[in-house]
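So the structure is just underneath, and the comments pick up after that.
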There are 2 protein chains.
Amino acid sequence: MLIIGMTQEQFSKYSFLLDRTARRVKQYAQRKFKLEDFDITVDQWLILKNLSENELMSQSEMAQILFKDQPTLTRIIDILTKKGYVERVPHPNDRRSFQLVLTQSGAEKVEELKPKVSEIRQKAWENLNEGDFEEFKRILNKIYDNLE
Amino acid sequence: MLIIGMTQEQFSKYSFLLDRTARRVKQYAQRKFKLEDFDITVDQWLILKNLSENELMSQSEMAQILFKDQPTLTRIIDILTKKGYVERVPHPNDRRSFQLVLTQSGAEKVEELKPKVSEIRQKAWENLNEGDFEEFKRILNKIYDNLE
DNA sequence: CAAATATAATTAGTATGACAAGTAATTTTT
DNA sequence: AAAAATTACTTGTCATACTAATTATATTTG
């Protein structure tokens, strides 16, 4: 479908801006994480937070929820396990699978970081309003759905 | 600044959607690149295209334009050099620096791929209009500027 | 001008992302 | 129930991102 009044050239820019902004958002948060000695990465945080809301998830369920692939999940879980925040518990009915649980230390980490992460995330939305947020979500989701 | 009527929790979702969409956009293009045997990655393409529009750029200039860091640039240029699409020419006045130029083969590659890439990029915008595009750019750029 | 500082590029290390292939276990098919 | 297909997870490889440190060269300062 051709978009009237817009050359393909201008049009291709969205991917550049999208990539650039996504990288900066992650980089900004990661620097804060480091500065405040959170001891985890942004992606590791996502997993911890999701686990705190929904324990006993398998790795593949977690991968689905986070839209990450399984090898990536495996490796992040490896790291979180080494750091002592997560444990792999054998699944009672399926010996291929693990259930992920937060350790005590992991649960404490989540409680400690939750408000701090929210605060970091908020910075991006200065001078933008709720309508912008809705528009942004709508367009992002539309793009996402358009690509398979 | 607090956004009225929106909990921090909902609000934090933007980073997730942004990351997810950016990854899918890149992945979608990369699969097409592979399927059609383009022989380069999406990021390598960005550099070739920019070089075709502006030769004799140094690596640090290219890094600035693409908002990538220097080590990343160095490595991508290494790969493009091995593939024979780009050459490092010593800078006439500054022996620390190189000027990047497209080889004949690189220039041909750009001409060959330019329309194909535009077509691939367009897919994301089905059922979205020019107004959406402007909104999207505005919000992305605002977020970008908000984070330093 | 010499010393201090800054810049361009590289190298090294770690994390993530994508893809392919492999293993073990489970489910489906016949 | 045995064979075939599927699923869960892992391993390996390559590319990119970010950080820190290094080297060589330029620029600035005292």
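Naming: A, B, ... by sequence-line order, numbering from 1 per chain.
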Interatomic distance where [atom1] belongs to [X] and [atom2] belongs to [N] [whole Å]:
{"X": "A/K83", "N": "C/dT14", "atom1": "NZ", "atom2": "C1'", "result": "10 Å"}
{"X": "B/M62", "N": "C/dA9", "atom1": "CE", "atom2": "P", "result": "11 Å"}
{"X": "B/M57", "N": "C/dA9", "atom1": "CE", "atom2": "C1'", "result": "17 Å"}
{"X": "B/D94", "N": "C/dA6", "atom1": "CG", "atom2": "C1'", "result": "12 Å"}
{"X": "B/D19", "N": "D/dA17", "atom1": "CG", "atom2": "C1'", "result": "12 Å"}
{"X": "B/L46", "N": "D/dA17", "atom1": "CG", "atom2": "C1'", "result": "15 Å"}
{"X": "A/R75", "N": "C/dT14", "atom1": "CZ", "atom2": "P", "result": "15 Å"}
{"X": "A/L73", "N": "C/dC19", "atom1": "CG", "atom2": "C1'", "result": "16 Å"}

If you compare every side-chain N and O of [X] against the phosphate oxygens of [N] (OP1, OP2), does one of them come in below 4.0 Å?
{"X": "A/R88", "N": "D/dT10", "value": "yes"}
{"X": "B/T72", "N": "D/dA15", "value": "no"}
{"X": "A/K68", "N": "C/dT16", "value": "no"}
{"X": "B/S60", "N": "C/dA9", "value": "yes"}
{"X": "A/S97", "N": "D/dC9", "value": "yes"}
{"X": "A/Q27", "N": "D/dT19", "value": "yes"}

5' precedence on DNA chain C between A/V42 and B/R31 (nearest-nucleotide basis): A/V42
Closer to the 5' end of DNA chain C via nearest nucleotide, is it B/F98 or B/Q30?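 The 5'-side residue here is B/F98.
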Minimum side-chain heavy-atom gap B/Y85-B/Q44 below 4.5 Å: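 Not touching, per the 4.5 Å side-chain cut-off.
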For B/D69 and A/Q99, take the nucleotide of DNA chain D holding the closest heavy atom to each; which residue's nucleotide lies nearer the 5' end?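 Per heavy-atom nearest nucleotide, the more 5' residue is A/Q99.
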Closest nucleotide of DNA chain D for B/K26 versus for A/I77: which of these residues is on the 5' side?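 In this pair, the answer is A/I77.
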Hydrophobic cluster membership, with links at side-chain heavy-atom distances under 4.5 Å among I/L/V/M/F/W/Y: are B/V86 and B/F98 in one?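 No: no chain of side-chain contacts under 4.5 Å links B/V86 to B/F98.
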Does A/R96 get its side chain close enough to the base of C/dT26, under 3.5 Å, for a donor-acceptor pair?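 Answer no: no donor N or O sits under 3.5 Å from an acceptor.
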Establish, for the pair B/R20 and A/Y144, whether the NZ or CZ atom is under 6.0 angstrom from the six-membered ring centre and no further than 45 degrees off its axis. yes
Hydrophobic cluster of A/V89, others only, ordered by chain and residue number, side-chain cut-off 4.5 Å: A/L56, A/V101
Would A/N146 and B/Y28 count as having a side-chain donor-acceptor pair, cut-off 3.5 Å?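 Distance-only check fails for A/N146 and B/Y28.
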